Protein chains: 2
Amino acid sequence: MEEGFEKFRQYLCEKGLKSTRQRKIILKAFLKSTSHLSTEDLYLSLRKKYPGIGYATVYRTLKLFAECGIAEEQNFGDGQTRFEPSHQENHHDHLVCTACHSIIEFENPQIEKLQEEVAANHGFTTTHHRLELYGLCHKCSS
Amino acid sequence: MEEGFEKFRQYLCEKGLKSTRQRKIILKAFLKSTSHLSTEDLYLSLRKKYPGIGYATVYRTLKLFAECGIAEEQNFGDGQTRFEPSHQENHHDHLVCTACHSIIEFENPQIEKLQEEVAANHGFTTTHHRLELYGLCHKCSS
DNA sequence: CCTATATTGATAATCATTTTCATGTGGAGG
DNA sequence: CCTCCACATGAAAATGATTATCAATATAGG
Ligand SMILES: [Mn+2]
Ligand SMILES: [Mn+2]
Ligand SMILES: [Zn+2]
Ligand SMILES: [Zn+2]
């Protein structure tokens, strides 16, 4: 969280970008979130308190967050790109309920390791991956 | 392949849909393919031999294929949905080169098994999943 | 304070996909 | 073979998410 602010400040500095009122507002709201936000989600929630902020700015800013590594981009097949704050170094993947759209996060080092092996066996150097398990959550399957 | 034709015929029958000239043409071209085709890919290649076929029809037909299980839908993050013929029962996942966009397919029962375990541990019943490893292929990393 | 440069918000433009709708066609039942 | 009609088609318009444009504005360094 605190780390996110610092990382972003650093990134803006490196790239010669500016720290603006809007970027601060969006960053604060984003880092506070614990879910997987679409641009629209964030835009609508900000709009209540800060009516002046433009849709395009939210798009641009979330993309900046992803570029500088404080946001992870997700795509659960509903047609909207979603973002979540990067939880420091530990990567996670997702279980997605196709009924209630709830999302469960999990970490599985064994799977990650096997993925690396697969890649290596094919002479591949991986930069990132995406693993999503779709189905019915406990609640929805009963 | 032959199996694909039969499965589609069956599906149309069940749903009270009709077997049309266009559906036959599209199905034949699709099942012959060995790559991951976007609607546009398929439309453009068909258009040479069959100029009359409409873009919307290709969209509609590929969706039908996915519904009846003879096509798998893929999404490698380039903004276009892609389809590939379902290779009977053996599921595979993908290595995607972010430089040359080549795709390598792999099967890994160990990973699949671990995925099921993860799901079960969370009370999840999975219907399908998506696993993609992104990075540089052998050729592009040298 | 001034200035060069980046940023913003409104709007238009893109791009993939879906819908609409008038016209055409497959195939069940005569 | 015909007829009929639900389903299918193709062209074009509509949609929805995202991106580009551009005039006005704000930031940061000197
Ligand atoms: Mn997550
Ligand atoms: Mn494949
Ligand atoms: Zn659920
Ligand atoms: Zn490559």
Side-chain angles (χ1 to χ4, degrees), chain A residues 5 8-30 36-68 71 73-83 101, chain B residues 5 8-30 36-68 71 73-83 101:
Chain A
F5 285 104
F8 188 55
R9 200 193 54 70
Q10 187 66 38
Y11 184 75
L12 293 181
C13 189
E14 279 170 14
K15 298 275 177 177
L17 304 178
K18 292 174 178 175
S19 174
T20 68
R21 192 178 64 88
Q22 290 88 334
R23 285 177 179 164
K24 286 176 200 152
I25 290 171
I26 296 171
L27 179 58
K28 195 161 74 171
F30 176 69
H36 303 81
L37 295 171
S38 66
T39 305
E40 191 184 16
D41 290 339
L42 190 48
Y43 170 71
L44 290 177
S45 86
L46 284 174
R47 155 171 271 223
K48 295 173 201 159
K49 210 171 173 182
Y50 310 95
I53 291 188
Y55 215 138
T57 300
V58 181
Y59 265 99
R60 288 185 283 234
T61 307
L62 284 174
K63 207 192 291 182
L64 264 187
F65 294 170
E67 278 166 34
C68 83
E73 217 173 313
Q74 304 294 343
N75 242 114
F76 300 133
D78 65 346
Q80 279 185 292
T81 301
R82 294 175 176 280
F83 295 86
H101 302 105
Chain B
F5 285 104
F8 189 53
R9 199 193 54 70
Q10 187 66 39
Y11 184 76
L12 293 181
C13 189
E14 278 170 16
K15 298 275 178 177
L17 305 177
K18 293 175 178 174
S19 175
T20 68
R21 191 178 67 87
Q22 290 88 335
R23 283 177 181 165
K24 285 174 202 155
I25 290 170
I26 296 172
L27 179 58
K28 196 160 74 172
F30 176 69
H36 303 81
L37 295 171
S38 66
T39 305
E40 192 185 14
D41 291 339
L42 190 49
Y43 170 71
L44 289 177
S45 85
L46 285 174
R47 155 172 272 221
K48 295 173 199 158
K49 212 171 173 183
Y50 310 95
I53 292 187
Y55 216 138
T57 300
V58 181
Y59 265 100
R60 287 186 283 231
T61 306
L62 284 174
K63 206 191 290 183
L64 264 187
F65 293 170
E67 276 166 35
C68 81
E73 218 173 310
Q74 304 293 344
N75 243 116
F76 301 133
D78 65 348
Q80 280 186 292
T81 301
R82 294 175 178 280
F83 295 86
H101 302 104

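Source: prediction; values computed, not measured. Numbered from 1 within each chain, the chains take letters A, B, ... in sequence-line order. Atom set for the values below is all heavy atoms of this structure, side chains included, hydrogens, waters and symmetry mates excluded.
Across the interface with DNA chain C, nearest-nucleotide mapping of A:Leu64 and B:Thr39 shows A:Leu64 to be the residue nearer the 5′ end.
Atom CD1 of B:Ile25 is separated from atom P of D:dA8 by 16 Å (rounded to the nearest Å). Across the protein-nucleic acid pair, B:Ile53 atom CD1 and D:dA8 atom P stand 15 Å apart, rounded to whole Å. One interatomic measurement links the two molecules: CG of A:Asn75 to C1' of D:dA17, which rounds to 11 Å at whole-angstrom precision. Nucleotide D:dA17 holds its P atom 16 Å from the CD atom of A:Glu73, rounded to whole Å. Computed from coordinates, the B:Gln22 CD to D:dC7 P distance equals 17 Å when rounded to whole Å. Between the OH atom of A:Tyr43 and the C1' atom of D:dT19 there is a distance of 16 Å, rounded to whole Å. Taking atom CG of residue A:Leu62 and atom P of nucleotide D:dT18, one finds them 10 Å apart after rounding to whole Å. If you measure from atom CG of A:Leu46 to atom P of C:dT8, you get 13 Å, rounded to the nearest angstrom.
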Q: Run the numbers on B:Lys24 and B:Phe5 for side chain to side chain contact (heavy atoms under 4.5 Å, CB included), then give the verdict.
A: CA-CA 9 Å; B:Lys24 285 174 202 155; B:Phe5 285 104; over 6 Å; no

Q: Using the side chain to side chain contact (heavy atoms under 4.5 Å, CB included) rule, take B:Lys63 and B:Phe83 through it: C-alpha gap first, then chi angles, then the decisive distance, then the call.
A: CA-CA 9 Å; B:Lys63 206 191 290 183; B:Phe83 295 86; 5.6 Å; no

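For the pair B:Lys63 and C:dT17, the criterion of a side-chain N or O lying under 4.0 Å from OP1 or OP2 is not met.
Overall bending of the helix from C:dC1-D:dG30 to C:dG30-D:dC1, expressed as the angle between end axes built from five pairs apiece, is 40° (10° steps).
Paired with A:Arg82 under the rule side chain to side chain donor-acceptor pair (under 3.5 Å), one option of A:Asp41, A:Asn75, A:Thr39 passes, and it is A:Asp41.
With hydrogens and angles left out, the side chain of B:Arg23 and the base of C:dG26 share no donor-acceptor pair within 3.5 Å.
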Using distance only, find each side-chain donor-acceptor pair of residues 11-20 of chain A under 3.5 Å and give its atom names and separation, not counting sequence neighbours.
unit_1, atom_1, unit_2, atom_2, d
A:Tyr11, OH, A:Glu67, OE1, 2.9
A:Thr20, OG1, A:Arg23, N, 3.1

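Using a 30° and 60° split on the angle between ring planes, B:Tyr43 and B:Tyr55 fall in the parallel class, below 30°.
Of the inter-residue distances, the one linking B:His36 atom NE2 with B:Gln80 atom CD reads 14.0 Å to the nearest 0.5 angstrom. The distance from the CG atom of B:Leu62 to the OG atom of B:Ser38 is 9.0 Å, given to the nearest 0.5 Å. With values rounded to the nearest 0.5 angstrom, A:Gln74 atom CD is found 11.5 Å from A:Leu37 atom CG.
Listed by residue number, B:Gly16, B:Leu17, B:Lys18, B:Thr20 are the residues of residues 10-21 of chain B with a heavy-atom contact under 4.0 Å to DNA chain D.
The six-membered or imidazole ring of A:Phe30 lies near that of A:Phe65, with a centre-to-centre distance under 6.0 Å.
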Could you run down the sub-3.5 Å N/O contacts of the protein with nucleotides 11-16 of chain C?
unit_1, atom_1, unit_2, atom_2, d
C:dA16, O3', B:Gly79, O, 3.4

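Remark: B:Arg60 pairs with no residue by the salt bridge (charged side-chain N to carboxylate O under 4.0 Å, His left out) rule, at least two apart or across chains. The side-chain contact (heavy atoms from CB on, under 4.5 Å) check on A:Tyr50 picks up A:Ile25, A:Leu46, A:Ile53, with sequence neighbours excluded.
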